Amino acid sequence: MIDIDGYLAVLGVARPAAPTAEALWALHRAQVERVAYETLDNQLGRPTSIDAAESVARILRGRGGYCFHLNGAFAALLTALGYDVTLHRAGVQDEVEDPEGPGGDHLALTVGLDGERWLVDTGLAGGMYEPLPLREGTYTQGPFTYAMAPSAVVPGGWRFTHDPRGAFTAMVFAPEPVELSSFAAEHHRLSTSPESGFVRVLQAQLRDAEGVDMLRGCVLRRIDAEGTYERTIDSADDWYDVLADVFHLNLTDVDAPARAALWHRVHAAHQEWAAAGERATTL
């Protein structure tokens, strides 16, 4: 069981009287606006589970997560509200579709509504603002244009292509339904392996109607119709203010020593990256 009313209060959405398209769109927009895609607990060395009830409890505490947390929680909410929700094995990919199909590093959702299925995904790191139909075509949401097309290698699967300014190129998902527990092993790898980007680099992202805010390490970036604005955050106080004010993250459970250690790790990684980039341009 999940706390439906508490979840809806975080989203600022009244409980819908019925599982309608209007309500689904409102819920999707609210989740991507208010619940951050973030990897803080990985950097803090305290990886979480992907149990849906635990993910909902995280959201109620003012935290977010990545796809397994965000879409797992959102699927539980939609199901509790009466929607026809299916979980799918998915994977983030590059320009050429992987012949092996989706690798399972992403959880995608579809919802059946009014005789049509829709891609519903609140865990795509600054991706969709609203659901997209499983129909080939291009779709504009705010300053970004996306594409949907049948997968070239997975029968019955679909490929979502991000806007060129997005944080990734594409996502492919298979048609078969899966259980949330089937992602446990991949979640463990992504949240604990030293090779995982979710461990090596702190990330936080929030989407809104006009664009997306993205934090990678110490670099805060805003992408919208006006272009891309970027700044480097060089003090711990400013960095924690950004996490709270821009990404709405509640870090009251992180004590002062842990905060200092996290900032030191993130700032040191940024300096190392910046030095490497400078060396590369001068060689």
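The model shown is predicted, which means the values in this text are computed figures rather than measured ones.
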Apply side-chain contact (heavy atoms from CB on, under 4.5 Å) to residues Arg135 and Glu116 and explain how you reach the verdict. CA-CA 9 Å; Arg135 232 185 296 134; Glu116 188 165 19; 2.7 Å; yes
Evaluate the criterion side-chain contact (heavy atoms from CB on, under 4.5 Å) for residue pair Asp84 and Leu113; output intermediate values, then yes/no. CA-CA 7 Å; Asp84 168 22; Leu113 195 62; over 6 Å; no
Could you please spell out the steps behind the side-chain contact (heavy atoms from CB on, under 4.5 Å) verdict for Glu179 and Leu87? CA-CA 7 Å; Glu179 298 293 329; Leu87 283 64; over 6 Å; no
Please step through side-chain contact (heavy atoms from CB on, under 4.5 Å) for the pair Val56 and Leu77, ending with a clear verdict. CA-CA 9 Å; Val56 171; Leu77 175 65; over 6 Å; no
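Using a 4.5 Å heavy-atom cutoff, the side chains of Val35 and Thr122 are not in contact. Gln93 is listed as a side-chain neighbour of Arg159, based on a closest heavy-atom distance under 4.5 Å. Using a 4.5 Å heavy-atom cutoff, the side chains of Glu97 and Ser151 are in contact. Using a 4.5 Å heavy-atom threshold, the side chains of Ser191 and Val199 count as separate. Side-chain atoms of Val120 and Thr110, non-hydrogen and from C-beta on, never get closer than 4.5 Å to each other. Phe160 has its side chain out of reach of Val172: every pair of non-hydrogen atoms, C-beta onward, lies at least 4.5 Å apart. Using a 4.5 Å heavy-atom threshold, the side chains of Leu40 and Leu243 count as touching.
Side-chain polar atoms of Thr140 and Thr145 form a donor-acceptor pair below 3.5 angstrom. Looking at Tyr139 and Glu130, their side chains never bring a donor and an acceptor atom within 3.5 Å of each other. Judged by distance alone, the side chains of Asp51 and Ser49 never bring a donor and an acceptor atom under 3.5 Å apart. Between the side chains of Thr169 and His162, no donor N or O sits under 3.5 Å from an acceptor N or O.
No donor-acceptor pair under 3.5 Å is formed between the side chain of Thr39 and the backbone N or O of Asn42. The main-chain N or O of Val96 is never found under 3.5 Å from a side-chain atom of Asp94 such that the two would form a donor-acceptor pair. Within the 3.5 Å criterion, the main-chain N or O of Gly217 finds a donor-acceptor partner in the side chain of Trp239. Side chain of Asn71 to backbone of Ala108: no donor-acceptor contact under 3.5 angstrom is found. With Ser196 contributing its side chain and Ser193 its backbone, the two residues share no donor-acceptor pair below 3.5 Å. Between the side chain of Glu38 and the main chain of Gly64, a donor-acceptor pair closer than 3.5 Å is present.
Atoms OG1 and NE2, on Thr232 and His267 in that order, are 9.0 Å from each other to the nearest 0.5 Å. Once rounded to the nearest 0.5 Å, the distance linking CG of Leu109 with OH of Tyr83 reads 13.5 Å. How far CG of Leu134 is from CZ of Arg117: 7.5 Å, rounded to the nearest 0.5 Å. Here the CE-CG distance, from Met128 to Leu119, works out to 4.0 Å after rounding to the nearest 0.5 Å. The distance from atom CE of Met171 to atom CH2 of Trp158, rounded to the nearest 0.5 Å, is 12.0 Å. A distance of 12.5 Å separates NE2 in His106 from CD in Glu186, rounded to the nearest 0.5 Å.
Under a hydrophobic-cluster definition in which Ile, Leu, Val, Met, Phe, Trp and Tyr are linked whenever side-chain heavy atoms come within less than 4.5 Å, directly or via other members, Val154 and Val92 are assigned to different clusters. Both Leu70 and Leu81 are assigned to one and the same hydrophobic cluster, defined by single-linkage of ILVMFWY side chains at heavy-atom distances under 4.5 Å. Phe247 and Ile59 fall into different hydrophobic clusters, defined by Ile, Leu, Val, Met, Phe, Trp and Tyr side-chain heavy atoms under 4.5 Å apart, directly or through other members. Val219 and Tyr229 fall into different hydrophobic clusters, where Ile, Leu, Val, Met, Phe, Trp and Tyr side chains are chained together by heavy-atom contacts under 4.5 Å. No path of Ile, Leu, Val, Met, Phe, Trp and Tyr side chains, each step under 4.5 Å between heavy atoms, connects Leu220 with Ile223, placing them in separate hydrophobic clusters.
Using bins of under 30°, 30° to 60° and over 60° for the plane-to-plane angle, the ring pair His28/Phe74 lands in the perpendicular bin. Ring pair Tyr37/Phe198 is perpendicular by interplanar angle, where above 60° counts as perpendicular and below 30° as parallel. Ring-plane geometry between His187 and Tyr66 is classed as tilted, the angle between the planes lying from 30 to 60 degrees on a 0 to 90 degree scale.
Under 4.0 Å is where a charged nitrogen must lie from a carboxylate oxygen, and between Asp224 and Arg165 no such pair does. A salt bridge is absent between Arg189 and Glu195: the closest approach of a Lys/Arg side-chain nitrogen to an acidic carboxylate oxygen does not fall below 4.0 angstrom.
Between Asp41 and Arg58 the shortest heavy-atom distance is OD2-NH1, 2.6 Å. Closest approach of Ala73 to Ser55, counting heavy atoms only: CB-CB, 4.0 Å. Annotation for Thr86 and Pro177: closest pair CG2-CB, 3.5 Å, computed over non-hydrogen atoms. Nearest heavy-atom pair, Ala174 versus His88, reported as atom, atom and distance to 0.1 Å: O-ND1, 2.9 Å. Closest non-hydrogen pair, Pro99 versus Val153, comes out as CA-CG1, 4.2 Å. Phe183 and Gly104 get closest at one heavy-atom pair: CD2-O, 3.6 Å.
Annotation: cation-pi pair Arg89/Phe173 absent, no NZ/CZ under 6.0 Å from the ring centroid and within 45° of its normal.
The side-chain contact (heavy atoms from CB on, under 4.5 Å) test with Leu262 singles out one residue from Arg265, His264, Arg259, and that residue is Arg265.
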Sequence neighbours excluded and cut-off under 3.5 Å, please list the side-chain donor-acceptor pairs for residues 7-25, or say none.
{"from": "Tyr7", "atom 1": "OH", "to": "Gln31", "atom 2": "OE1", "distance (Å)": "2.7"}
{"from": "Tyr7", "atom 1": "OH", "to": "Gln31", "atom 2": "NE2", "distance (Å)": "3.4"}
{"from": "Arg15", "atom 1": "NE", "to": "Asp5", "atom 2": "OD1", "distance (Å)": "3.3"}
{"from": "Arg15", "atom 1": "NH2", "to": "Asp5", "atom 2": "OD1", "distance (Å)": "3.1"}
{"from": "Thr20", "atom 1": "OG1", "to": "Ala23", "atom 2": "N", "distance (Å)": "3.1"}

Could you pull out every donor-acceptor pair under 3.5 Å between side chains of residues 205-214 and any protein atom, sequence neighbours left out?
{"from": "Arg207", "atom 1": "NE", "to": "Gly127", "atom 2": "O", "distance (Å)": "2.8"}
{"from": "Arg207", "atom 1": "NH2", "to": "Gln141", "atom 2": "O", "distance (Å)": "2.9"}
{"from": "Arg207", "atom 1": "NH2", "to": "Tyr146", "atom 2": "OH", "distance (Å)": "3.2"}
{"from": "Asp208", "atom 1": "OD1", "to": "Glu210", "atom 2": "N", "distance (Å)": "2.8"}
{"from": "Asp208", "atom 1": "OD1", "to": "Gly211", "atom 2": "N", "distance (Å)": "2.8"}
{"from": "Asp208", "atom 1": "OD1", "to": "Arg222", "atom 2": "NH2", "distance (Å)": "3.2"}
{"from": "Asp208", "atom 1": "OD2", "to": "Arg222", "atom 2": "NH1", "distance (Å)": "2.8"}
{"from": "Asp208", "atom 1": "OD2", "to": "Arg222", "atom 2": "NH2", "distance (Å)": "3.4"}
{"from": "Asp213", "atom 1": "OD2", "to": "Arg222", "atom 2": "NH1", "distance (Å)": "3.2"}

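Open room surrounds CD on Glu100; 12 or fewer heavy atoms of other groups in view lie less than 6.0 Å from it.
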